[in-house]
2 protein chains.
Amino acid sequence: MHDLPDPPGGARMRDVARAAGVSAMTVSRALREPARVSPEVRARVEAAVRAVGYVPNRLAGSLSSRRSDVVGLVVPSLENSLFAATVKGISDVLRREGFQLMIADSLYSPEAEEAAIRAFLEQRVAGLILHDTLHTEATARMIRRAGVPVVENGTVPAEPLDMVVSYSNREAAKAMTRHLARLGYRRVALVTLPSAANARSRDRRAGFLDALAELGRPSDPRLLLEMPPGLASGAEALARLTEGAEPPDAIFFAGDVLAAGAVLECQRRGWAVPGKVAIAAFDNVDLLAQLNPPVTTLRLPRGEIGTRSARMLLDRLAGRQSGPAVLDLGFEIIQRAST
Amino acid sequence: MHDLPDPPGGARMRDVARAAGVSAMTVSRALREPARVSPEVRARVEAAVRAVGYVPNRLAGSLSSRRSDVVGLVVPSLENSLFAATVKGISDVLRREGFQLMIADSLYSPEAEEAAIRAFLEQRVAGLILHDTLHTEATARMIRRAGVPVVENGTVPAEPLDMVVSYSNREAAKAMTRHLARLGYRRVALVTLPSAANARSRDRRAGFLDALAELGRPSDPRLLLEMPPGLASGAEALARLTEGAEPPDAIFFAGDVLAAGAVLECQRRGWAVPGKVAIAAFDNVDLLAQLNPPVTTLRLPRGEIGTRSARMLLDRLAGRQSGPAVLDLGFEIIQRAST
DNA sequence: TTGTATGCGTTATCAC
DNA sequence: GTGATAACGCATACAA
């Protein structure tokens, strides 16, 4: 909290009013509803605004009008570029509609998310977009009391707080697993990110298991692995899964850039992909298409999740949409040479 | 701008005061300077806060105190993961100090940057962090009038607005170019991102040319290329530079993931790196270390730029630091097998 | 240690 | 079409 440097140069609305020879109220109207002010007055106000270098104070405006043009966004991590596409989509829509974006990361911790949301509510954000779907009790209570609209993004939760825009992690993982089975792979392994605080990882594993059950295949615990994110981690996963007896003939890396790390490790070992082992990924990052071989993966609507989330939120704020809503944007399998 | 849902559940400070049997002013103090309130009163206030589910209104607080705990950040792109490390560093420091982060992208356009900054100033941010160093006249004027502290980040500009935290793109490019010469490469090509609206690209080219001049080598225009960002773009650059007569024996990709794209293209062509052509990059992204061969590059203090920028800004706000300051955080060459 | 009066800069409301 | 007045919810300054 520190000094706002208004004093010297900070012109207020009344300064503009004086310069234009009108009341402050007229300046306010001229700025927000130009149509409701006579053309000549409007021109005088606009000139005065430029003359004094007036920058409206939205803190005061929001306090008075009880409206806000700031949206709060919480992502699990600011470093993971997967979320970047969604953030970008959100930002694009908000900018076009004259809203501002306040952002924080939860570090995959519901408690940190709670703190971030509390801070946002103190700033009186107009609405929230949350990438995580796992929240503390206090978080849910705060949001309910505050009455702000919320869009959740990470997956389709069993009990949404309010609105949801996502794809189904479970269905996506299931679809890819069936795809691998259809291609003839008999022993498919699954690698996910740590699932403890990550509903998405859990959904993906559930989808994988759904598919195996449907196929009438037993699920072998030796074929299930959790790894931290990162390329090196993918290489490590490959090593572990292939060193035992009965190694998998295909590995489905359901998170981050693990698959890319594994393909690069195969290059180093001189292993043919998919000859020695097939590799599939979960997200359509550029790298996967450029690797040798290019990697089979899922196309997820990362950017669209952002734009649709922002639109849904703004629609609600504008009263253009009422109830809760769950939007499943689907996914697509991209078959490439790695499988 | 839309309705703040305070009315129903929105407890105000006076509601807490009533519940605690004290004045609103005492609640305010108990919350911000607990030490200056008697322990029993403090306890009563805290209980009342929980009882009524009070969430302070910082809009009102900031308006009254003329302070703000929001910092505005403008990055060229929200999608480029290179900036993510810096954003993360900024966010970490701000969180710890109880500040909030408002973010916008400039799309490499000074006009878009100006619009974002204007919006931030309307929100009465306490300070600004700008990744770009190229600003419109109006931007500079606005910031000066507003009197908010600013940290610039992208490179070390000739005429800083205020404070600067960066490394020198020019020196870094120069150092890598000399490094390649020292390794024995005779014809070194440079690939940068489009330099029109990008001071960093221009600085890097200048550094490259500095080194050539120092080495007494002519600069061959056939060895200078500008390409858009992306892996595919790097592959394309490789193709173009190697198809003519007198191809380079080393290519310095001074931007984005161009170098990685080029290495992957070499793999596809079965070209030995550095046998056929050596490849160097500009940023220490994970991928470069995992590629085959691992790629020589620069280690840039991306995260530290963020933390130091935020600290410098907060120091200024706290009055712990007065004048402008320019902090050059340096860089380091990472020699790997690709050169 | 606590309370009262006043103002922060804007907008809602209602008068003209 | 324009203006006067009273909030918005809190903190500063001062008094008790």
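Here is the naming used below: chain letters follow the sequence lines, and residue numbers restart at 1 for every chain.
- No side-chain donor-acceptor contact under 3.5 Å links A:N153 and A:S166.
- For the pair A:R36 CZ and D:dG3 C1', the interatomic distance rounds to 14 Å; values are reported in whole Å.
- Evaluation of atom-type donor-acceptor distances gives a pair under 3.5 Å for the side chain of B:R29 against the base of C:dG3.
- OP1 or OP2 of D:dT12 has not a single side-chain nitrogen or oxygen of B:S64 nearer than 4.0 Å.
- Checked against D:dG9, C:dA12, C:dC8, the side chain of B:N57 finds its nearest nucleotide in D:dG9.
- Proximity note for A:R67 (side chain, C-beta onward) versus C:dC8, C:dT11, C:dA12: the nearest is C:dA12.
- A:S106 and A:S109 share no donor-acceptor pair across their side chains, judged by distance under 3.5 Å alone.
- No side-chain donor from either of A:E152 and A:H131 sits under 3.5 Å from a side-chain acceptor of the other.
- Residues of residues 15-27 of chain B that place a heavy atom closer than 4.0 Å to DNA chain C, in numerical order, are B:V22, B:S23, B:M25, B:T26.
- Each of B:A60 and B:V37 was matched to the nucleotide of DNA chain C holding its nearest heavy atom; the match closer to the 5' end belongs to B:V37.
- A straight line from CZ of A:R44 to C1' of D:dT2 spans 11 Å, rounded to a whole angstrom.
- With respect to A:P157, the side chain to side chain contact (heavy atoms under 4.5 Å, CB included) criterion is satisfied by exactly one of A:V164, A:L134, A:D132: A:V164.
- In this structure, the side chain of A:S65 engages the main chain of A:G61 through a donor-acceptor pair within 3.5 Å.
- For the pair B:R32 and D:dA11, the criterion of a side-chain N or O lying under 4.0 Å from OP1 or OP2 is met.
- In this structure, B:Y54 does not reach the D:dG9 phosphate: none of its side-chain N or O atoms is under 4.0 Å from OP1 or OP2.
- If you take CZ of A:R124 and P of D:dG9, they are 8 Å apart, rounded to a whole angstrom.
- Taking only side-chain nitrogens and oxygens, A:R58 never comes nearer than 4.0 Å to OP1 or OP2 of C:dT11.
- Within 6.0 Å of CD in A:E137 there are 12 or fewer heavy atoms belonging to other residues, nucleotides or ligands.
- Per the geometry, CZ belonging to A:R14 stands 13 Å off P belonging to C:dT11, to the nearest Å.
- Between the side chains of A:E114 and A:H135, no donor-acceptor pair of N or O atoms lies under 3.5 Å.
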Hey, can you pull the donor-acceptor pairs under 3.5 Å for the side chains in residues 84-92 of chain B, sequence neighbours left out?
unit_1: B:T86; atom_1: OG1; unit_2: B:R302; atom_2: O; d: 2.9
unit_1: B:K88; atom_1: NZ; unit_2: A:D105; atom_2: OD2; d: 3.1
unit_1: B:K88; atom_1: NZ; unit_2: B:D92; atom_2: OD1; d: 3.3
unit_1: B:D92; atom_1: OD1; unit_2: B:R95; atom_2: NH2; d: 2.8

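- Taken over five-pair windows at either terminus, the axes of the helix from C:dT1-D:dA16 to C:dC16-D:dG1 are inclined to one another by 30° (rounded to 10 degrees).
- The side chain of B:S38 contributes an N or O atom lying less than 4.0 Å from OP1 or OP2 of C:dT2.
- Look at B:R50 and B:E46 and you find no salt bridge, because none of the NZ, NE, NH1 or NH2 atoms lies under 4.0 Å from a carboxylate O.
- One can place CE of B:M13 at 13 Å from P of C:dG3, the figure rounded to the nearest angstrom.
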